[in-house]
Amino acid sequence: MWDLFLCLLPSLLLVLVTILRRWNWISRLADSTIQQLGRCMWIMACRLLKLPCFTVSGSIEECQAEVRLICKPTALASHLKKHCYTLAQPPLARWPQADPHFQIITNLMWPTKEGAELKGGVRFTRDNLLLKDGGIVALDWAASLTDQQAQAKRNHHPGGRFLGHHSSNPAIIVIIPNALGRVTPHLLMLCYKSLQQGFYPVVFHRRGHSGCPLTTPHYQEFGNTSDLAQAVAYLRSHYPSSTLLAVSEGSGSGLLLSYLGECGSSSYLTAAACISPVFHGQLWFEYELPWLYHWITLIYHKFQINRYATALSSVMDVAKILHCNSLQDMEKLMFCAPKQSEQRMSDSVDNVGKDNLRLSVKPDWPSYWERNEPLRDADEVAVPVLCLCSQDDPLLPPLSTVPEGLFHNSPYFLLAVTQQGGHCGFMHEDGHGGITSWSHSVVLEYFRVVADFFMVEEKKSFKDVIAQCGSQSLKHSASAVQSRRRTTLLRKERPIRRRQISTPSDKFTFEEEQEDFTWNRSYTR
C-alpha cells in the first residue's frame with residue numbers, strides 16, 4: 001500500500017501543482033518567488049566573482065528611465081528629436097534581460113557559428129581585399145538564409161540612395177566589430193535587422209582577425225585607419241551611386257572615430273554611429289576592468305597572437321607577449337617594443353608616403369596614443385556621428401570621462417545616454433513578450449532620418465543656388481554697360497566674408513557667411 005503511494009507521489013504532486021497554477025494569484029506568487037530566488041543567486045554569484053552589482057527593476061512599471069540627448073542645438077538635432085521616435089523611447093526591460101552582465105554574456109560572449117539561430121540565421125560571403133603593402137583585409141557581406149532576395153542583391157551593383165527600402169539599390173552599412181575582431185551575437189543581430197529593413201550590411205575585418213589571413217608580419221594599431229580607408233575607397237569605387245554608412249561596436253569605435261577625423265569631409269560616409277564607444281583609448285587600456293572580462297579578453301587575444309607566432313616572432317617578442325597579464329602590457333609589447341622600432345625604421349627607408357609619419361615616431365606609450373587616440377582629429381569630423389552610451393556599462397570608464405564639451409560644441413557629434421543598457425546590449429521588451437535591441441532600432445532609424453534631412457537640405461540649397469545664379473546673371477548684364485571705373489568703385493564697397501559651397505551641378509558659387517551653422521556638405525578637404 002505504502003509502496004504504491006510512494007510511487008504515485010511524484011505524479012500526484014505534478015497534478016496538484018498544475019491545478020494550483022490555474023489560479024492566477026498562485027501562479028503570480030510562484031513566478032515572483034522563483035524570480036526573487038534567481039535574483040538572489042545571481043547577486044551572490046556576481047559578488048563571488050567580484051563583478052560590480054547594479055540595481056535592476058523587476059518589472060517594466062518600476063522603470064523610470066529616460067534618454068538624455070547631449071548635442072549642439074542645430075537644425076539636424078531638432079530634426080532628429082522630431083522624427084527619430086525610437087531615440088525618445090528608452091530601452092525598458094526587466095531582470096534578467098536588463099542586467100548588464102547578463103547582456104554581456106548573451107550579446108558579446110555567447111558562442112556563435114555560421115548560420116546561427118537568428119530567426120533563420122545570417123551567413124556571410126567574404127571578399128578578401130589586397131592592400132597596398134601586401135596585407136589583406138576581409139569584407140563579409142551579410143545575407144539572410146531565409147531571404148532569397150538578399151542574395152540576389154549581392155549579384156549586382158547597388159545604385160540608389162533610398163534608405164531602409166527593399167529594392168535593388170540598398171544603402172551599404174559598414175560594420176566595424178570590436179578591437180578583437182570577434183563576430184558577436186550582437187553584431188549578427190544587427191546584420192539581420194539591417195537586412196530586414198532593406199539595408200546592405202558588410203562587416204570589415206582587420207588583418208589577422210576573424211579568419212582573415214595575416215600576410216604581413218604586423219597587426220594594425222588601435223587607431224591606424226589606412227586599411228579602413230582603402231576598404232571604404234574600394235566600396236566607393238565599386239558602388240559609386242550607393243549611400244555609405246558606418247556603425248561600430250564597442251572598442252571598434254576607436255577605428256571609426258579615427259577614420260572620420262583623419263579623412264574629414266572626404267570620408268565618403270553620409271552618417272555614422274558608435275554603440276558603447278571608447279572615446280579615450282589610453283584611458284581604456286589603463287582602466288581596471290572587472291577581472292573576469294579582462295581575463296577572457298586577454299586569453300582570446302593571446303590565441304590570436306599564438307596563431308601567427310612564427311611569422312610575428314621576427315618583429316616582436318611573442319613569448320613575452322603570451323606571458324603578459326594585462327591588455328596594456330600586450331599593447332606596449334606589440335607596438336612600443338624595440339623590435340617594433342627597428343621594423344618601423346626599415347619600413348620607412350623602403351617606403352615614402354603618409355603612413356610613414358606613423359613609422360618614424362618614437363615607440364613609447366605616450367607617443368603611441370598621440371597618433372592613435374580616437375578623438376585626436378575630432379575637429380575635422382564632417383559627418384553626423386551618433387554615440388550611444390549607458391550608465392551601467394561595466395566595460396568602460398565612468399561617464400564622467402565622456403568629453404561632453406565636444407558634443408556641446410561640435411554640430412556633428414550627438415550623444416544619447418541611457419540609464420540601462422550595459423555594453424552593446426540595450427535590450428528592450430517590445431510589448432509582445434519579445435526582446436529586441438534598442439540600439440539597433442535607434443541606429444537604423446537615425447540613418448533614415450539623417451538621409452531624409454540631407455535630402456531636404458540639398459533641395460533647399462539647390463533652389464537657393466539657382467535663385468542666386470539668376471540674380472547674379474541679371475546684375476552682370478546690367479553692369480556690362482557701365483564703365484570699368486564704375487565697376488571698380490562698386491567692388492570697393494563693404495567687404496563681405498564669403499565661403500565656397502558645392503552644388504549638384506558641380507559648379508561653385510559664393511554666398512554670405514552666416515553665424516548659424518548650415519548643412520552644405522563638401523567632399524573636398
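Atoms considered below: every heavy atom in the structure, side chains included; atoms not considered: hydrogens, waters and symmetry mates.
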When you check the side-chain N and O atoms of Asp364 and Ser367, is any donor under 3.5 Å from an acceptor? yes

Just do the side chain to side chain donor-acceptor pair (under 3.5 Å) check on Arg376 and Ser258 with the steps written out, would you? CA-CA 7 Å; Arg376 62 188 181 276; Ser258 298; 2.9 Å; yes

Would Asp329 and Ser326 count as a side chain to side chain donor-acceptor pair (under 3.5 Å) here? Give the steps. CA-CA 5 Å; Asp329 293 339; Ser326 68; 3.0 Å; yes

Side-chain donor/acceptor of Trp291 to backbone N/O of Leu49, under 3.5 Å: yes

Quick one: do Glu249 and Ile275 satisfy side-chain contact (heavy atoms from CB on, under 4.5 Å)? Show the steps, please. CA-CA 5 Å; Glu249 176 191 54; Ile275 303 175; 5.6 Å; no

Take Phe447 and Gln197, measure what side-chain contact (heavy atoms from CB on, under 4.5 Å) needs, and give me the verdict at the end. CA-CA 12 Å; Phe447 285 153; Gln197 299 190 18; over 6 Å; no

Under a 3.5 Å threshold, yes or no: a donor from one side chain and an acceptor from the other, between Glu331 and Tyr368? yes

Whether the side chain of Gln282 engages the backbone of Glu373 through a donor-acceptor N/O pair (distance < 3.5 Å, no angle test) should be reported. no

Are the side chains of Leu87 and Val449 in contact, using a 4.5 Å heavy-atom criterion? no

Is it the case that the side chain of Arg236 and the backbone of Ser267 share a donor-acceptor pair, with hydrogens and angles ignored and the cut-off at 3.5 Å? no

To the closest 0.5 Å, what do you measure between CG (Leu292) and CD1 (Ile105)? 8.0 Å

Do Leu255 and Ser248 make a side-chain contact, defined as non-hydrogen atoms from C-beta onward lying under 4.5 Å apart? no

Parallel, tilted or perpendicular for Phe222 and Phe285, by the 30°/60° rule? perpendicular

Has the side chain of Trp438 got a donor or acceptor atom that lies under 3.5 Å from a matching backbone atom of Gln89? yes

In this structure, which one of Asp227, Asp140, Asn128 forms a side-chain hydrogen bond (donor to acceptor under 3.5 Å, both in side chains) with His205? Asp140

Find out whether Leu214 and Leu312 are in side-chain contact, i.e. whether some heavy atom of one side chain is under 4.5 Å from a heavy atom of the other. yes

Taking all atoms of both residues into account, what is the closest heavy-atom pair of Val381 and Val383, and its distance? CG1-O, 3.6 Å

What do the steps show when you test Tyr259 against Val232 for side-chain contact (heavy atoms from CB on, under 4.5 Å), and what is the final call? CA-CA 10 Å; Tyr259 170 77; Val232 174; 3.3 Å; yes

Under 3.5 Å: donor-acceptor pair, side chain of Thr418, backbone of Val67: no

Does a side-chain heavy-atom distance below 4.5 Å link Asn224 with Phe335? no

Measuring from atom CG of Asp393 to atom CG of Leu388, what distance do you get when rounded to the nearest 0.5 angstrom? 11.5 Å

To the nearest 0.5 Å, tell me how far Arg126 CZ sits from Leu139 CG. 9.0 Å

Only one of Ile175, Val247, Leu245 forms a side chain to side chain contact (heavy atoms under 4.5 Å, CB included) with Pro201, so which one is it? Ile175

Closest non-hydrogen atoms of Pro384 and Tyr446, given as atom of the first, atom of the second and distance, are O-OH, 3.0 Å

Would one find more than 12 heavy atoms of other residues, nucleotides or ligands at under 6.0 Å from atom CZ of Phe303? no

Pick out which of Ile299, Ile305, Leu298 makes a side chain to side chain contact (heavy atoms under 4.5 Å, CB included) with His301. Ile305

Identify the two heavy atoms, one from Gly264 and one from Ala382, that lie closest to each other, and give their separation to 0.1 Å. C-CB, 3.9 Å

Any idea how Phe413 and Phe407 line up, ring-wise: parallel (<30°), tilted (30 to 60°), or perpendicular (>60°)? perpendicular

Between CD1 on residue Ile435 and CD on residue Gln103, distance to nearest 0.5 Å: 9.5 Å

Can a side-chain donor-acceptor contact be found between His101 and Tyr293 if the only test is distance below 3.5 angstrom? yes

Step-by-step side-chain contact (heavy atoms from CB on, under 4.5 Å) determination, His440 to Ser194: CA-CA 8 Å; His440 298 166; Ser194 301; over 6 Å; no

Exactly one of Arg371, Arg207, Arg206, Lys332 should register a salt bridge (charged side-chain N to carboxylate O under 4.0 Å, His left out) with Glu221. Which one does? Arg371

If you define the side chain from C-beta out and look only at heavy atoms, does anything of Thr184 sit under 4.5 Å from Asn107? no

Can you check whether Glu380's main-chain N or O pairs, donor with acceptor, with Asp377's side chain at less than 3.5 Å? no

Indicate the atoms forming the closest heavy-atom contact of Leu260 with Ala272, along with that distance. CD1-CB, 3.8 Å

His294 to Leu327 - nearest heavy-atom pair and separation: NE2-N, 3.4 Å

For His323, does the NE2 atom sit with more than 12 other heavy atoms under 6.0 Å from it, leaving out its own atoms? no

Point-to-point distance, once rounded to the nearest 0.5 Å, from CG of Asn178 to OG of Ser276: 11.0 Å

Minimum side-chain heavy-atom gap Pro374-Phe279 below 4.5 Å: no

Compare every heavy atom of Ala171 with every heavy atom of Ser242, then report the nearest pair and how far apart it is. OG-CA, 4.0 Å

Measure the shortest side-chain to side-chain distance between Cys389 and Leu415 over non-hydrogen atoms and say whether it is less than 4.5 angstrom. yes

Check whether any side-chain N or O of Glu445 sits under 3.5 Å from a backbone N or O of Thr86 as a donor-acceptor pair, and report yes or no. yes

State, yes or no, whether a side-chain contact exists between Ser226 and Gln220 at a heavy-atom distance under 4.5 Å. yes

Please check if the side chain of Trp284 supplies one atom and the backbone of Leu395 the other of a donor-acceptor pair under 3.5 Å. yes

How long is the span from the CD1 atom in Ile176 to the CZ atom in Phe204, to the nearest 0.5 Å? 7.0 Å

